[in-house]
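Each chain gets a letter, A, B and so on, in the order the sequences are listed, and its residues count up from 1.
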Amino acid sequence: MSTRRLATVTIFMVMVLILAACVGRRQAFECDDPIGCVEVPPGEPIKIAALQAISGAVASLGTDQVRGVEIAIDDRGGELLGHPIDLTVEDDLCSAEGGTTGAQKIVSDPQVIGIIGTSCSGAAVPASQIMSEAGLVMISGSNTSPFLTSLGGEKGNAWQPGYFRTAHNDEVQGAAAANFAYNELGVRKAASIHDGDPYTQGLAMVFNQVFEELGGEIVMATAVNKGDTDMRPVLTSIAAAGAELVFFPIFQPEGDFIVLQSKEIEGFEGVYLMGADGLLSDTFVESVGEQGKGMYFSGPASPEGPEYDEFVRKYEEKYGEKPIQAFHAHAYDAANMLFKAIEETAVVQDDGTVYILRQKLRDYLYNLKNFQGLTGTLSCNEFGDCADPKITVVRLDDPAAGIEGLRKNVVFVYEP
Amino acid sequence: MAEIAPVPEKAPVIEDVRLKAPEVSLERAAKLGGVAGIVAVFVSANGMVQAFAERDIISGVLSMGYTLLFLVPLIMAYLAAREPPVLEGFEAPEKGPRNVLAGLIVGALTGLIMAIFVLVASAVDMRRVFINISPQLLELLTFGQGMGGLVFLVGGCLLTGAVGGLMQLAEGRWRRALWGALAWTLLIGLLEVIVAQLFRGLGLGFLSPLFYAGTGGLTPLGTAVVFVLAFLYYWSVVPKVDMWQRRYAHMPAERQRSVRLSLTVAAVLLVAILPQVLGPFVSEVLDLVGIFLLMGLGLNIVVGFAGLLDLGYVAFFAVGAYTTAILTSPASPRWSPEMSFWAALPFVILAAALAGIIVGTPVLRMRGDYLAIVTLGFGEIARLLLLSDWLRPVFGGAQGILKIPTLSIGPIVFRTPVDMFYPIVGFCLVAAYISWKLKNSRIGRAWMAMREDEQVAEAMGVDIVEIKLKAFIVGAVIASFGGALFATKIGSVFPHSFSLLVSITVLVLIIVGGLGNIPGVVVGTLALVGLPELLREFQEYRLLAYGVLLILMMLYRPEGLLPSKQWVRELHEEELMQDAWLKMEEDRRRAQAQAAQGDLPARPEEA
Amino acid sequence: MQRALPQQISDRFNFAAGVIWALRVIVAAIVVWGAVSTLTSGFYSASQWRDLFIFGLAQGGVYALIALGYTMVYGILGFINFAHGEVFMSGMMIGYFVADYLNEAGMWNGNPVLALLIVLVVSMLTSTGVAVLVERIAYRPLRESPRIVPLITSIGASFFIQYAFRGLFGAGVKSYPRMEALQGAITVLGVRILKVHVLVIVAVFIMMGLLYWFVEKTRMGKAIRAVAEDKEIAALMGVDIDRAIVMTFAIGGMMAGAAGLLYALVFNQVFFFSGFLPGIKAFTAAVLGGIGNIVGAMLGGIVLGIVESVGPILILSGLGIPAPHQLKDVVAFTVLVLVLIFRPKGLLGERLAEERD
């Protein structure tokens with residue numbers, strides 16, 4: 001151990017010397033921020049990072065968001081306060097281990113100010129802790145697990161200072177789906193299916209809870225596994241239980257199997273099918289086709305308006321395809337929130353040197369109100385939830401119109 | 001096979017009956033050229049050339065994508081230009097233009113096939129089937145010059161092919177140094193993160209901008225420096241290693257011991273300083289390597305020593321992680337005793353031993369392949385139970401268990417990855433010590449006897465039931481250490497971390513490293529867990545590379561990188577036999593030649 | 001081949017035997033309790049049970065076809081060909097592109113029988129090609145190595161094929177076009193059964209019958225069995241070993257290709273990972289039936305399919321376990337472990353060749 005201490009001490013001393021040299025040379029800026037400042041000398045870039053799932057089965061989820069961030073940077077001409085913006089992209093692998101290594105890699109560069117990410121809640125749990133201890137801020141466009149912010153009005157188990165998100169807390173969407181089922185469709189007996197993913201499991205759990213609170217009965221809360229193909233047994237069980245609606249907030253391809261195979265089960269006629277934003281994709285609509293007619297989907301209100309159209313135009317121009325997932329706008333908003341916060345809180349010296357005060361940056365975000373983004377009006381609460389709490393339910397009436405047509409066919413809007 | 005005649009002890013020796021060495025086969029070169037062309041098309045069509053087009057090795061000069069593409073003809077040409085292996089009694093082959101010609105053939109064929117590919121792809125839109133054959137790819141392959149760019153493509157292939165052939169002309173020492181320098185330049189170009197961090201850690205941060213352009217890739221100056229340094233290393237240092245080893249072997253025991261001691265001290269110092277210098281990210285990777293190393297050491301006992309093929313080893317890892325999580329986390333769903341890590345450790349060991357018995361007992365009577373599928377089943381059962389809604393009140397289901405406290409000893413808290421490195425190394429040392437001790441003990445020998453032949457071992461009085469269970473228990477406990485460290489390091493556990501892929505990775509790393517050999521496990525882990533983590537941008541193609549590596553490894557070096565002697569013997573039994581047979585043939589031929597010449601040991605003309 | 005431990009040493013298994021006996025009793029109690037409480041609750045109607053059984057039968061038939069490839073390779077070479085799941089997937093994937101083309105040309109629904117035959121041939125050829133290629137490149141040079149070596153190679157080949165397909169054809173899920181002629185259900189002997197399931201069950205039995213005939217009655221089949229029995233003696237008898245082995249892989253590939261198409265018709269989807277889980281399941285089925293045993297693989301596949309379909313509901317929901325379908329694979333693997341505890345060589349024992357001893 002003594003060697004180690006020796007090394008630490010040596011390195012520490014070297015660093016102190018370097019620091020002293022730096023401080024001596026520059027003019028007096030006293031950093032009084034409790035968790036530190038980042039100094040960006042003239043000509044040096046302002047560094048931010050994206051920690052997203054860009055490989056594996058969920059690669060589209062992260063890629064879509066990275067593109068959103070890139071467009072946000074382009075919109076500013078690649079500059080912030082006269083400094084170029086430098087974006088590093090890391091893979092969160094959609095897992096806790098991936099989030100850990102990715103976050104470590106990002107924080108090992110002390111110049112990085114904030115992270116746009118992660119894609120997956122499981123990766124966010126360790127990643128937010130690492131970035132929080134390093135003094136960064138992190139804004140996610142697609143984490144929805146209540147643990148990360150608040151659960152029932154209390155701090156979640158994985159809450160960390162400096163963590164924000166522009167995506168919805170599952171609590172909102174689960175409640176929206178349950179309300180729609182109970183009040184709009186008049187369903188009294190419902191079933192839910194999740195696939196063991198923390199996201200789907202959390203959403204199904206909230207749905208069950210709220211539906212029962214409303215006075216309904218959850219006749220079967222069940223689950224399948226990722227990779228399962230034969231959904232007929234589980235659908236037979238649900239039919240036997242007498243459910244009037246099935247809520248399955250899962251992904252492709254399991255979601256496709258449920259829809260397609262449900263038509264083959266006796267006693268399943270007339271049962272409402274309801275999915276969530278995981279299935280709001282072009283490939284799903286194409287895959288289920290006519291069989292999916294009449295199916296409902298809950299999800300955050302799709303962004304619309306001229307600004308969004310402009311965004312989509314840039315997206316298509318830059319990447320040669322339509323947005324591939326639902327969270328590009330959330331990531332775009334997240335990046336813009338971060339840029340705005342940096343602009344508002346940074347100290348700019350005469351020679352162009354910029355000092356970013358880490359705690360002040362966080363405080364600014366916690367107090368951010370009525371930020372106009374593509375996804376609506378964002379206001380952050382003390383737990384870091386910033387999303388515009390507007391959830392819509394859409395119905396698939398015309399599969400030929402594709403995802404565009406589906407998104408426009410709003411049948412219910414939920415605003416708590 | 002027992003009829004191999006003993007080599008005549010006093011065969012009359014005639015030194016100079018030598019046959020002319022077989023020439024480099026141009027037919028083989030054509031064949032390899034075809035293979036190279038197909039591989040190059042594959043590398044292009046599956047998107048690698050395009051995906052790495054923006055990743056520079058040498059900034060602004062050479063991208064990773066082109067490097068990958070042109071490495072194919074280079075390596076293939078090198079192989080094609082190599083002379084067939086020289087058997088005893090043959091002349092050493094003469095190097096000459098034929099080697100280069102072989103290389104050129106490979107280059108030409110690769111270029112031709114690629115050109116046809118580009119022409120076909122630009123005439124027919126194949127994108128509906130092959131999604132990566134895009135206009136961008138074609139633009140890259142033609143260097144943005146339209147069809148005229150094909151000249152560059154074919155020219156590049158020819159050039160690299162010729163270079164590959166020329167490499168064969170170089171004398172052994174040159175060749176090794178050239179390849180070494182090339183490999184190191186590539187590696188240093190790719191590992192910017194670590195090298196820059198290393199400079200920073202050593203207080204040489206000002207060097208980074210000299211080497212790296214900042215936008216990914218080496219600067220031309222950096223490339224030159226790295227190439228020359230690596231070349232010099234292979235030129236002057238590597239050839240001496242052999243000599244040093246010989247010198248060491250001739251030292252008196254006393255000196256040997258002191259050399260060993262100083263080397264050990266140096267190694268310990270290095271390990272102690274390493275994470276401090278390398279910074280948190282590389283330490284993080286090293287931590288992960290350490291955790292996999294623990295599992296590798298454990299599985300090495302089960303598979304390498306005892307010969308029990310376990311494909312569900314991740315189950316024990318999960319037991320360790322979840323036991324730790326439940327006992328230490330305040331957020332554990334049912335009971336939260338909130339013990340410290342060290343207080344929980346005995347329970348972790350207990351739980352792992354129990355799991356070892358649970359898995360071990362039903363499989364006592366099963367052999368090899370049944371064992372494989374049943375253990376695989378146990379691994380999946382463990383994961384699914386952890387994930388299930390049924391046991392969610394205990395394990396937290398898909399949401400896992402959060403808030404696992406960080407490790408601490410008294411006042412020392414191991415918060416950062418740099419800190420965690422030390423306890424992980426500590427556990428690895430314990431595991432290595434255990435397996436080393438066991439290997440040379442009575443039970444170790446019993447395991448090996450069982451591995452060779454269960455029935456014979458049984459007949460020799462080895463208690464199979466006992467030693468099988470012991471193998472499972474020891475393996476399980478070591479894996480559970482890994483799990484416990486994993487849980488406290490990440491701070492949360494989710495069922496998704498315990499997939500079949502972990503079991504397979506661990507199995508693969510001990511086999512690639514060298515089955516049954518502890519240093520081999522270390523090398524395997526560094527290569528298969530460490531390197532991919534450092535090259536994170538290759539994530540997309542990681543498993544593809546794994547697959548190719550495994551196949552090539554098994555075909556050309558099945559004993560692994562650092563094998564144990566026993567395993568080598570077992571694998572190359574056939575070759576040893578062949579060698580003996582060849583030698584016998586050779587001797588007979590000589591004897592015949594001698595007989596034909598009469599008894600005169602005359603000097604024959606060149607045949 | 002090594003045999004199980006001889007009888008005279010079984011007294012050493014006292015401890016193990018005790019545990020195993022206890023296990024038998026516990027398992028029997030759990031199964032009976034679960035099943036009885038499910039059945040008496042009357043939650044599921046008789047026709048639903050029948051449906052579940054048929055779903056399982058169809059799924060099991062597909063497992064059985066894939067399992068044949070594992071079992072034959074094991075029988076003849078004595079190692080587990082992990083890449084066989086990918087052989088299955090490759091046929092399904094290439095079949096998709098042909099089906100998609102046929103659909104666009106209007107033939108998929110215009111002349112379904114011919115379209116199916118075309119896709120079947122393509123799918124079988126692809127799988128056969130991949131299987132034979134893998135044998136040639138990855139296994140043949142390793143024939144004399146210890147068994148773990150080709151096993152590792154096969155894991156490598158499995159990764160390689162998966163990710164090569166992913167790179168070449170993309171990671172997206174590809175949907176087979178729907179065949180109108182196969183939609184809906186018909187009633188056979190008063191039992192409602194999906195048309196596509198009828199097709200699968202009939203096709204599976206035809207394929208298995210053909211295979212059985214081939215292996216038992218033809219010259220090549222006899223050669224394969226001879227090689228499985230003893231390579232050296234077979235060679236002495238004039239059997240071309242390489243040919244027999246290639247043939248084995250080819251047949252395994254053909255069966256997998258056919259299974260690929262059937263699977264695609266039932267589930268409509270394919271992506272690069274589609275082969276992995278069915279591969280593992282089929283391997284389980286092969287072991288369940290007794291690896292190396294062709295009839296065993298058929299039986300094992302069907303048993304596994306039915307256990308997966310009926311088991312979770314019948315046993316687990318009766319025990320009050322929530323979300324039983326999530327534990328489908330737990331049930332399947334537990335059945336495997338139990339079968340192997342009671343019958344260490346699988347349901348029918350292992351032999352590709354005739355019985356001996």
Q. Can you check whether A/Asp277 reaches A/Phe297 side chain to side chain, under 4.5 Å on heavy atoms?
A. no

The interface call for A/Glu286 against chain C, heavy-atom contacts under 4.5 Å, is neither

Assert top hit (heavy-atom pairs under 4.5 Å, partner chain C, pool A/Ile265, A/Val234, A/Asn225) equals A/Val234

request  = For the residue pair A/Val187 and A/Phe211, establish whether any side-chain heavy-atom pair is separated by less than 4.5 Å.
outcome  = yes

Looking only at C/Asn268, C/Leu194, C/Val266, C/Ile313, the option with the highest number of non-hydrogen pairs under 4.5 Å against chain A is C/Leu194

Chain C shares the most heavy-atom pairs under 4.5 Å, among A/Ala239, A/Ala221, A/Ala241, with A/Ala241

Note: vs chain A, highest number of non-hydrogen pairs under 4.5 angstrom among C/Asp51, C/Leu52, C/Val310, C/Leu277 is C/Leu52

Assert top hit (heavy-atom pairs under 4.5 Å, partner chain A, pool C/Glu308, C/Gln183, C/Gln59, C/Arg178) equals C/Arg178

Max heavy-atom pairs within cutoff under 4.5 Å with chain A, candidates C/Phe273, C/Tyr176, C/Tyr263, C/Phe276, goes to C/Tyr263

Comparing A/Ile193, A/Thr236, A/Thr229 against chain C, the one with the most heavy-atom pairs below 4.5 Å turns out to be A/Thr229

So, the part of C/Pro324 with a heavy atom under 4.5 Å from chain A: the answer is both

Query raised in the report: With a 4.5 Å limit on heavy-atom distance, are the side chains of A/Val285 and A/Ser287 in contact?
Result: no

Chain C shares the most heavy-atom pairs under 4.5 Å, among A/Gly227, A/Ser237, A/Gly196, with A/Ser237

Requested in this report: Measure centre to centre between the rings of C/Phe169 and C/Tyr96, then say whether the value is under 6.0 Å.
Outcome: no

- Query: Quick one: are A/Tyr319 and A/Thr63 in side-chain contact, heavy atoms under 4.5 Å?
  - Reply: no

Among A/Met231, A/Gln261, A/Glu266, the residue with the most heavy-atom pairs under 4.5 Å to chain C is A/Glu266

Item to check | Note, C/Ile30 side chain near C/Leu319 side chain (heavy atom, < 4.5 Å) | outcome: yes

- Item | Side-chain heavy atoms of A/Leu235 within contact of A/Phe257, under 4.5 Å | no

Worksheet entry | side-chain hydrogen bond (donor to acceptor under 3.5 Å, both in side chains) assessment of A/Gln173 paired with A/Thr144 | CA-CA 9 Å; A/Gln173 195 184 153; A/Thr144 58; over 6 Å; no

Scored by heavy-atom pairs under 4.5 Å with chain C, the best of A/Thr283, A/Leu260, A/Asp230 is A/Asp230

